[in-house]
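Sharing a structure with you now.
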Amino acid sequence: MCSPAWAQTGPGSWQITGTVRAAETRQPLPGAVLELVELGVRTTAADAGQYRFRLPASGARQFTLRVTYVGRQDVEVLVKLTATPEIRRDLQLPLRSLELADVQVNATRSGQQTSNSAVVIGREAIEQTQAYSLDDVLQLLPGKVLLNTNLQGAQAITLRQAPVTTPGSDQTAFNLNNAFGTAIIVDGAAWSNNGNLQTDDPGRRGGIGGVAVTRDNSGNEYSTGTYAGSSVDLKQIPANNIESVEVIQGVPSARYGDLTSGAVIVNRQAGRTPYRLSLRTQNGTTELSGSRGFGLTSGNAVNVSATLLNSNPEPQFETKRFNRATLSTIFTSHFGPQRRHRNSLALDAHTTLDAAKADADDPAANRTFSRDQRVALSNRGTLNVLQPWSEYISYQFGGSYAYQQTFSRTALNVGVKPVADGLSTGIYDGTFAPPVYDSERTISGRPVNLYARADNTVLFQTGAFSHTLTAGASLSYDRNYGAGRLFDALRPRFAPLEGKAERPFDFRTLPGMLQVGGFVENQLVREWGARRLVANLGLRYDQQNGFASLAPRLNAKLFVREGLQVNAAYGLATKAPGLVHRYPGILYFDVPLLVSYNGRVDESIYRLHTEALDPANPNLRPARATTLETGLNWHTRRGYGLALTVYHKQERDGFSVTDELLQLQLPHYRIVSSPAGRPPVVEQTGQTRNYNYDYGVFRNTLRTDNYGLELLARTPKIRSIQTSFDLSAAYTRSRYGYAGQLVYDRVNPTAAGFENIEFVVKNRPDRRASSVLSTLAATTHLPRLGLLLTWRGQVFLQSESQTLDEYVAASGFVRPSGEYVPVTAEDYAAGRYLHLRNAQNTNVSSQPFIYGNLHLRLGKELGKLARLSFFANNVLNLRTERVEVFAAGSTVTRGGATYTSPHGPLIISTSLNRQTPTFGSELVFTLGRQALSQ
């Protein structure tokens with residue numbers, strides 16, 4: 001950031017000066033942020049609102065100057081360099097209000113961001129959305145479905161990926177990888193989820209998932225807590241103090257590392273702001289929030305924001321209740337020689353407020369709770385050096401500590417079962433669990449993240465090119481100090497899954513993960529008459545999990561003429577595996593060798609072999625993504641605009657669990673005698689038996705190819721009806737595949753055709769999916785009345801998926817003896833082993849027809865002090881269904897289920913739009929807004 005100090009210009013250089021004032025009072029606005037967009041340099045206004053940019057000799061002759069101030073409308077002006085070395089631009093910023101002539105309540109793509117296809121969601125759009133969290137805000141992105149607020153479960157975002165709807169398919173691993181590769185950056189600090197281990201044993205389960213919690217006595221479940229191997233939980237980031245959100249789905253700046261899908265950059269309110277109190281309610285969810293930015297001496301300020309939320313949309317299910325409290329404090333200061341230094345210190349905390357919950361009607365007496373608490377301290381600043389070797393230096397450092405706990409208790413009546421709790425490999429005697437007992441499970445995590453970065457920026461010119469050169473370095477460290485998975489192995493919640501048992505696992509035994517990165521980036525500007533080229537060329541180096549990578553990135557924009565811009569981008573990115581991928585936890589295989597129970601534990605015996613196996617893969621490679629995109633931005637002075645982007649994103653080395661085979665040869669035992677009051681006496685028979693088990697290990701096996709088109713269009717306000725229109729549309733086509741991921745399917749070796757076969761080894765089939773979704777928003781704005789009415793209609797044009805392989809062919813099989821027999825293409829050609837392949841339904845699964853939904857938002861300012869808003873999702877109660885009628889005796893499969901009607905006609909109804917109508921309101925009081933301008 002450039003200094004507001006009055007530096008002198010040298011020969012052939014320019015200064016851009018001026019003051020920033022409040023439009024309604026003409027009072028200065030210290031702390032206003034100004035940016036020369038094309039060069040990517042910023043400064044802040046001093047105490048009297050004055051600012052100054054110092055530019056070296058430049059081949060470019062015009063720049064876009066943007067100024068922002070919290071609570072006020074952004075202003076952009078065009079600055080043209082003249083023969084005069086000092087150019088003055090005084091700027092006035094109006095208060096953000098529905099009484100302004102133009103209000104933007106939709107996501108926009110201006111083409112001015114570093115990333116060509118970045119989408120920006122401003123404060124007015126966030127308020128009109130009436131969002132509870134960042135998850136609600138991101139529904140404004142092109143291609144996203146507008147849904148009712150969901151706070152009952154961890155929320156994540158996936159970018160540029162089509163959903164698979166093929167019956168029986170599992171897209172969980174692809175969704176998790178996409179979300180895990182999306183960086184969530186709040187005020188410059190990445191909210192890391194690398195240390196999250198809040199999941200059941202992935203090696204035993206065959207993948208990562210949220211902890212399932214029974215929500216009612218019919219056995220329905222939902223996922224709660226936080227997702228390991230995904231993004232941070234978006235519902236923990238409140239929307240009340242978000243000033244703007246920038247979403248990068250294409251090629252990011254080289255400044256950003258440890259991502260593959262994109263970045264969500266959140267800028268929160270800081271500095272002086274009026275008192276703001278908000279009460280928001282909808283469908284069983286109520287949130288109270290308040291904020292205030294206090295002005296201190298010398299232009300310093302401290303901004304405090306807090307929220308309290310209670311949500312229970314289904315009161316009959318007490319286990320679905322969610323309560324949250326958040327607190328954010330940001331202290332902004334200017335100090336040092338000529339007040340060149342700007343520093344922001346942020347303290348954030350959030351916590352869930354849930355105690356143990358139970359459903360009174362649940363016969364299993366399930367009790368559960370999920371606790372998520374986090375505190376973070378972040379400090380960032382800019383030192384304006386104003387020397388040839390450095391225009392300014394920016395820095396940031398901080399850390400976060402979280403306490404994550406998931407608890408469940410259930411009553412079991414499963415009869416007497418043999419159990420064991422051995423923690424090492426060997427043969428020993430277990431015991432027997434009583435027929436009725438309570439089973440408790442706790443997953444306790446304490447992830448810690450530390451980070452630091454620093455970079456230096458230089459301005460210079462070469463020939464006709466103006467350059468902004470930035471170079472920097474960063475590091476981050478993640479570790480989990482939680483007690484881990486806690487339970488009594490002798491009172492298990494689940495029976496061994498094909499030999500795979502469970503034991504407690506201490507997260508504190510795992511090492512941390514350190515990442516180091518560096519980057520260099522050159523933002524250059526070149527003009528040819530009316531044409532202007534703005535290009536950002538960057539190169540990033542990362543050291544992740546022992547692997548080094550270089551990631552070139554390019555975003556280029558050519559302004560062909562006024563209002564018309566064509567652009568192109570290319571870039572690589574990498575994402576390090578998290579702790580859950582590297583160290584999922586030790587697996588325990590309990591192999592019963594002899595079980596004899598006569599009704600008395602002291603006269604019974606359970607002899608077993610426990611095999612302790614560590615499926616850790618500390619040498620996982622980082623996931624990789626390559627993005628290529630091109631597009632155009634067009635706008636007119638009258639307010640018409642069009643932004644079009646076409647892209648191809650290729651993702652490789654994604655993280656997924658693949659099957660491995662464990663083969664054991666163990667002795668056979670027999671009972672020699674059964675003395676009274678003591679366990680039986682046993683001995684080895686001298687014979688052995690082979691045991692084969694499959695288990696999961698994380699490998700770099702996932703690959704995805706995404707193609708798509710995104711369109712954003714807008715019209716100016718049509719004065720006769722005081723209405724403007726915004727259209728967004730997204731076409732996404734994805735292909736999902738597995739590179740060498742094996743599945744071991746256990747079969748019955750005595751079944752016909754499977755004699756002497758215990759496992760069939762197969763490769764997973766590839767799938768493809770596509771979707772087309774458009775959103776049309778009609779915004780009626782009456783400034784004199786302070787009234788804003790927005791209708792958003794969504795049209796679901798297409799959604800289809802297909803399994804591409806006709807058969808899931810076996811690559812081999814394993815005999816009970818442990819012998820592996822490969823199956824080749826020549827075997828299939830000769831008609832051998834055809835029964836080992838599974839036929840797949842390669843028909844396209846698609847929505848049967850086009851359908852839509854309609855949502856309403858209404859906002860009205862009540863004088864200068866209050867604003868009242870209403871909204872209605874699915875305001876027309878559209879419940880689109882597909883009804884199929886078949887003759888009596890028909891058998892039909894839909895969604896993996898088979899239906900038949902032997903007598904009357906078979907009628908199958910499939911719901912396409914399950915969104916229930918939801919209504920809500922918000923009342924906002926703003927006090928002291930005028931005083932801030934005095």
Side-chain angles (χ1 to χ4, degrees), residues 151-154 196-202 204-205 208-228 233 310-312 314-324 351-373 402-421 423 430-446 480 482-497 500-508 585 588 590 601:
L151 299 170
Q152 281 63 46
N196 190 339
L197 292 166
Q198 214 69 12
T199 182
D200 281 328
D201 192 341
R204 180 179 182 272
R205 290 167 51 103
I208 301 175
V211 180
V213 176
T214 301
R215 74 179 188 188
D216 59 29
N217 57 17
S218 64
N220 295 323
E221 295 180 337
Y222 70 97
S223 294
T224 187
T226 57
Y227 261 163
D233 188 359
N310 172 269
S311 177
N312 192 12
E314 299 180 63
Q316 69 272 31
F317 303 136
E318 182 63 24
T319 54
K320 294 194 68 175
R321 181 179 297 277
F322 173 76
N323 299 306
R324 180 199 71 195
T351 180
T352 55
L353 303 174
D354 299 317
K357 299 169 288 190
D359 187 341
D361 298 325
D362 185 0
N366 288 297
R367 293 181 64 83
T368 180
F369 74 82
S370 176
R371 182 169 296 150
D372 186 358
Q373 300 172 332
Y403 174 55
Q404 302 167 341
Q405 185 177 17
T406 307
F407 168 83
S408 65
R409 188 187 73 184
T410 188
L412 296 177
N413 185 354
V414 294
V416 176
K417 299 291 183 182
V419 292
D421 60 357
L423 297 177
T431 185
F432 294 87
V436 179
Y437 59 87
D438 288 342
S439 178
E440 295 185 355
R441 297 172 57 83
T442 299
I443 304 179
S444 179
R446 298 178 185 269
N480 197 308
R485 304 180 194 125
L486 306 173
F487 53 89
D488 184 355
L490 300 181
R491 299 294 184 269
R493 172 68 177 84
F494 305 104
L497 181 63
K500 295 183 285 289
E502 291 187 290
R503 301 288 192 274
F505 177 51
D506 191 343
F507 297 160
R508 293 167 292 191
Y588 295 88
D590 288 344
V601 173

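Start at 1 with the first residue, then count along the sequence. Scope of the values below: all heavy atoms of this structure, side chains included, with no hydrogens, waters or symmetry mates.
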> In Å and rounded to the nearest 0.5 Å, what is the CZ to CZ distance from R493 to R409?
Replying inline: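 Going from CZ on R493 over to CZ on R409, the span is 12.5 Å.
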> To the nearest 0.5 Å, what is the distance between CG (L486) and OG1 (T406)?
Replying inline: 11.5 Å
>> Less than 4.5 Å apart, side chain to side chain, heavy atoms only: is that true for F407 and R371?
In response: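 No - every pair of side-chain heavy atoms lies 4.5 Å or more apart.
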> Taking R503 as the fixed residue, which of D488, D421, D590 is the one that meets the salt bridge (Lys or Arg N to Asp or Glu O under 4.0 Å) rule?
Replying inline: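 It is D590; the other options fail the test.
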>> Using a 3.5 Å distance criterion without hydrogens, assess whether the side chain of N323 forms a donor-acceptor pair with backbone atoms of T352.
In response: no
> Measuring from I443:CD1 to S408:OG, what's the distance to the nearest 0.5 Å?
Replying inline: 8.0 Å
>> With a 3.5 Å distance limit and no angle check, can you tell me whether R485 reaches the backbone of F507 through a side-chain donor-acceptor pair?
In response: no
> Is there a donor-acceptor pair under 3.5 Å between the side chain of Y403 and the backbone N or O of S444?
Replying inline: no
>> Test your reading of the model: is there a side-chain donor-acceptor pair from Q198 to the backbone of Q404, 3.5 Å cut-off?
In response: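 A pair under 3.5 Å: yes.
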> So, for A489 and V419, which heavy atoms are closest and what is the spacing to 0.1 Å?
Replying inline: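 Where A489 meets V419 most closely, the heavy atoms are O-CB, 4.3 Å.
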>> With rounding to the nearest 0.5 angstrom, report the CG to CZ distance, N310 to R324.
In response: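 With rounding to 0.5 Å, CG (N310) is 11.5 Å from CZ (R324).
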> Does R491 offer a backbone N or O that forms a donor-acceptor pair with the side chain of S439 under 3.5 Å?
Replying inline: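 Present.
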> How long is the gap from CZ on F322 to CG on L353, to the nearest 0.5 Å?
Replying inline: 8.5 Å
>> Is the terminal nitrogen or CZ of R441 (NZ for Lys, CZ for Arg) located under 6.0 angstrom from the six-membered ring centre of F487 and within 45° of that ring's axis?
In response: yes
